[in-house]
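Input: a single structure, listed below in structure tokens.
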Amino acid sequence: MGNEESVFFSRVLTELTLSFHIIYATIGVGVPLMIMIAQWVGIKKNDEHYILLARRWARGFVITVAVGVVTGTAIGMQLSLLWPNFMELAGQVIALPLFMETFAFFFEAIFLGIYLYTWDRFDNQKKHLLLLVPVALGASFSAVFITIVNAFMNAPQGFDLVDGELVNIQPLVAMFNPAMPTKVAHVVITAYMTSAFILAAIAAFRLLKGSDHVYHKKALFLTMKLGLIFSIGAAIIGDFSGKYLAEYQPEKLAAAEWHFETEGEAPLMLYGVLDGQEVKYAITIPYALSILAHSDPTAEVIGLNEFPEDEIPPLYIHYLFDTMVTIGMLMIMVSGLYWLGKHMRWRFIHSRWYRWLIVAGGPLTVIAIEAGWWYAEVGRQPWILRDIMKVPEAATTSGHVDTMLYLFATLYLILGVGSVVVLRRMFRKNPVEREIADREAEVREGTRKGGDHR
Amino acid sequence: MDEFLMFYAPFIVLIGAIFLAFIVAPMDGAATRPPKEKKK
Ligand code: HEM
């Protein structure tokens, strides 16, 4: 296998691993907060339905964590094996957050085990809820640390490069690079958003499938409300990400917007097709790109023609950016109308088509996550470490990457299908209605250990 | 201004959203409220 081929297969394998991992990682980061909020509401309102929500979400969560661990380990391994030159160089500077991510994960895993096994062991549910705090913190901080590594790839700093050697290394300066705040906050909040909408989709699906149980109605209202808050937050932070890009990675923003000439009063182009440097059939929002880039409708936005041709990222990222933003806006509308409609008692939000729209919101937000990551990663091309190392320089020269690709693809297929089958079985075998009836019977008979559990 | 938006504001929005989520989550009066009757 030639070097070009091993670069190609290394790319495909990394893309595949990340695209698969990100689904489980996103759920892994977001769901603990949802569990925590549900349990907190249950305690505060003395409402068993919310406590049961937390219990059932926690059970499902374990399966996704297990898959996340396997794929996360695969990524760690692939980073070193497929991109050895990158790790050799960047590892000297950015190993600190990589290790910290592992610690955050251990923190989460240890307390998750204790949390799961102590559901009925506390007289005071509040103490049990406290065990979830390190789980949620560990989960979110795993995302924080690993995203810091990614931010460093986009805006490397904290060292000097002298004759190909790194000197004057400052790991903390490297961690607090300019890409860090917007990336970290956007990734974490979109994980919360996606988890809320996946859980909303499940509740809406149960209501569509004939359940009229108040448990599902409460679940849907809670998750849609959380989805609304986090999607508005995601859009606001997305806007800050635009400002970051305009300042530090203007080629990524310009490529996403097919913005060729440096000019003021730049419009935002949605969709359309590219004919040479002319954009056709696009939906044009006047001044919007200048506002996204600099909060000023007349501000000048740097165009692609300022960059050497071999440093311009692939222009198809335009569609990825548009997909992400469209889904974000759609979900703000769907959840906003639902929330308003609940208060105004509108009929259409209870209709079948609206519930199907909410069900579609689950997979759609996952697509937005994929589109966002693809945009951010492809938009950094041709660099693996911006302005320092290009992707082909970083790759392995091993001749067996294609075999690895097939083996890992099979593994992900098995894990993907396996986790869906296990989750379905788990919840089918133990429907909400039965669990609620069982718990009510337990309470009536006073068989629960330790008296009052709230 | 842009420096503030790029460095501090993302965390302020993130942490603010988490707090807001905890504040509004228990307000579930509308969760089980039925829709308006159809006009005859
Ligand atoms: C609604 C308006 C949104 C805007 C204006 C926006 C803007 C952006 C920008 C500019 C980036 C690139 C940041 C960079 O490379 O440094 C980005 C990345 C990303 N976006 Fe969005 N986004 C929005 C919504 C969403 C939604 C709804 C999701 C998912 C549910 C999402 C998920 C992501 C992810 C996972 C990344 C990659 C991580 C990162 O680079 O921050 N975004 N977004």
Side-chain angles (χ1 to χ4, degrees), chain A residues 33-34 36-38 40-42 44-45 47 49-50 136 140 176 178-186 188-189 192-193 196 214 217-222 225-226 228-230 232-234 236-237 239-241 243-244 246-248 293-295 339 341-351, chain B:
Chain A
L33 184 71
M34 305 301 134
M36 202 168 150
I37 293 176
W40 186 71
V41 177
K44 201 170 151 69
K45 301 192 68 123
D47 185 332
H49 289 139
Y50 289 103
S140 292
F176 287 88
M180 184 276 274
T182 44
K183 262 191 186 288
V184 164
H186 196 53
V188 173
I189 206 162
Y192 296 158
M193 167 189 169
V214 62
K217 290 180 183 164
K218 286 180 183 169
L220 184 59
F221 188 64
L222 175 68
K225 212 163 36 177
L226 298 178
L228 176 63
I229 294 170
F230 292 126
I232 293 176
I236 297 173
I237 299 171
D239 176 67
F240 302 155
S241 292
K243 289 167 182 46
Y244 155 76
E247 180 95 18
Y248 293 92
H294 300 292
S295 327
W339 177 81
K342 269 295 194 186
H343 285 277
M344 308 298 285
R345 299 176 64 203
W346 290 338
R347 293 180 61 82
F348 77 92
I349 55 156
H350 298 272
S351 62
Chain B
M1 180 64 187
D2 274 0
E3 204 52 44
F4 171 79
L5 291 183
M6 276 182 262
F7 222 92
Y8 300 101
F11 293 120
I12 295 173
V13 174
L14 176 65
I15 293 167
I18 296 173
F19 270 104
L20 189 63
F22 274 95
I23 292 166
V24 301
M27 302 174 184
D28 69 347
T32 50
R33 207 177 290 155
K36 273 183 198 153
E37 290 297 311
K38 232 184 200 161
K39 283 196 194 100
K40 303 251 163 70

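Because only heavy atoms are used, hydrogens play no part in the values below, and waters and symmetry mates are left out as well, while side chains stay in. The structure presented is a predicted model; accordingly, all values stated were derived computationally and were not measured. Numbered from 1 within each chain, the chains take letters A, B, ... in sequence-line order.
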For [X] and [Y], which heavy atoms make the closest approach, and how far apart are they?
X: A:Lys225; Y: B:Met27; value: NZ-O, 2.9 Å
X: A:Leu222; Y: B:Ala25; value: CD1-CB, 3.7 Å
X: A:Thr182; Y: B:Pro10; value: CG2-CG, 3.9 Å
X: B:Phe11; Y: A:Val184; value: CE2-CG1, 3.9 Å
X: A:Ile37; Y: B:Ala21; value: CD1-CB, 3.9 Å
X: B:Asp28; Y: A:Tyr50; value: OD2-OH, 2.5 Å

Exercise for review: Using non-hydrogen atoms and a 4.5 Å limit, figure out which bit of B:Ile15 sits close to chain A: side chain, backbone, both or neither.
Suggested key: neither
With only heavy atoms counted, which part of [X] is less than 4.5 Å from chain B, the side chain, the backbone, both or neither?
X: A:Trp346; value: backbone
X: A:Ile189; value: both
X: A:His350; value: side chain
X: A:Lys342; value: both

Hey, what do you get for [atom1] ([X]) to [atom2] ([Y]), rounding to the nearest 0.5 Å?
X: A:Leu226; Y: B:Ile18; atom1: CG; atom2: CD1; answer: 11.5 Å
X: B:Ile12; Y: A:Ile236; atom1: CD1; atom2: CD1; answer: 12.0 Å
X: B:Leu14; Y: A:Tyr192; atom1: CG; atom2: OH; answer: 6.0 Å

Practice item. Start with the C-alpha distance between A:Leu33 and B:Phe22, add both sets of side-chain angles, then the distance that settles side-chain contact (heavy atoms from CB on, under 4.5 Å), and finish with yes or no. Key: CA-CA 10 Å; A:Leu33 184 71; B:Phe22 274 95; 3.9 Å; yes
Exercise for review: Flag the one option from A:Phe348, A:Phe176, A:Tyr244 with the top tally of heavy-atom pairs under 4.5 Å to chain B.
Suggested key: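 Sorted descending by pairs with chain B, the first entry is A:Tyr244.
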Point to revise | A:Trp40 CH2: over 12 foreign heavy atoms closer than 6.0 Å | key: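 Check passes, neighbour count above 12.
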